[in-house]
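Everything quoted here is computed from the prediction, not taken from an experiment.
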Amino acid sequence: MPTDPLSATFAALADPTRRAILARLSLGETSVKELAEPFEISLPAVTKHLKVLQRAGLISQGRQAQWRPCKLEATPLREVSDWLAQYRQFWEQRLDRLDDYLRELRARDDRGDDPGRP
């Protein structure tokens with residue numbers, strides 16, 4: 001299991017069942033049994049997924065009498081979003097430069113300039 005929080009979050013998000021569980025929890029707290037209903041896997045298998053999500057800090061479980069509701073914890077997702085934002089800015093700058101270059105080529109073409117001729 002990864003030790004740094006960002007790696008733990010990405011490792012937890014790598015599984016589609018865990019992402020589906022997080023999507024369900026984005027609607028509100030729910031029990032483990034209710035979380036397990038849409039999946040064709042055993043309750044213990046769902047519990048294993050929940051433990052991975054808990055270790056990554058993506059969910060927490062409370063206690064209300066016999067009920068142990070699961071709750072989405074958004075902080076690790078915000079950290080992933082912040083990390084990805086750095087690369088979004090990088091690619092936006094690259095695409096802006098490509099756009100500028102294509103406009104320059106189009107302008108040359110419209111003027112009849114041939115950059116290959118001296």
ask   = Where do L58 and L13 land on the side chain to side chain contact (heavy atoms under 4.5 Å, CB included) test, with the steps shown first?
value = CA-CA 9 Å; L58 290 161; L13 294 174; 4.3 Å; yes
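The shortest non-hydrogen separation linking S26 to L72 is CA-CD2, 3.9 Å. Closest of all the heavy-atom pairs between L50 and C70 is CD1-SG, 4.1 Å. Shortest non-hydrogen contact noted between P38 and L35 is CD-O, 3.3 Å. Smallest separation of non-hydrogen atoms from A12 and R18: O-NE, 2.8 Å. Between A56 and A8 the shortest heavy-atom distance is CB-O, 3.6 Å. Listed here is the closest heavy atom pair of P5 and E79: CB-OE1, 4.3 Å.
Hydrophobic cluster membership differs between I59 and V52, with clusters built from Ile, Leu, Val, Met, Phe, Trp and Tyr side chains linked at under 4.5 angstrom. When the side chains of ILVMFWY residues are joined at heavy-atom separations under 4.5 Å, either directly or via intervening members, V80 and L22 end up in two distinct hydrophobic clusters.
Distance alone, capped at 3.5 Å, is enough to place a donor-acceptor pair between the T47 side chain and the L43 backbone.
Between Q61 and R63 there is no side-chain heavy-atom pair separated by less than 4.5 Å. With contacts defined as side-chain heavy-atom distances shorter than 4.5 Å, the pair H49/I41 qualifies.
Summarising the geometry, atom NZ belonging to K48 is positioned 7.5 Å from atom OG belonging to S42; distances are rounded to the nearest 0.5 Å. If you take CH2 on W91 and CG on L84, they are separated by 13.5 Å, rounding to the nearest 0.5 Å. Rounding to the nearest 0.5 Å gives a distance of 8.0 Å between CD1 of I21 and CG of D15. To the nearest 0.5 angstrom, D110 atom CG is 11.0 Å from L105 atom CG.
Residues passing the side-chain hydrogen bond (donor to acceptor under 3.5 Å, both in side chains) test with T30 are R24, E34, sequence neighbours excluded.
Counted within 6.0 Å of CZ on F90, heavy atoms from surrounding residues, nucleotides or ligands total more than 12; the atom is thus considered enclosed.
The salt bridge (Lys or Arg N to Asp or Glu O under 4.0 Å) contacts involving residues 95-105 comprise D99-R103, E104-R108, where partners must be two or more places apart or lie in separate chains.
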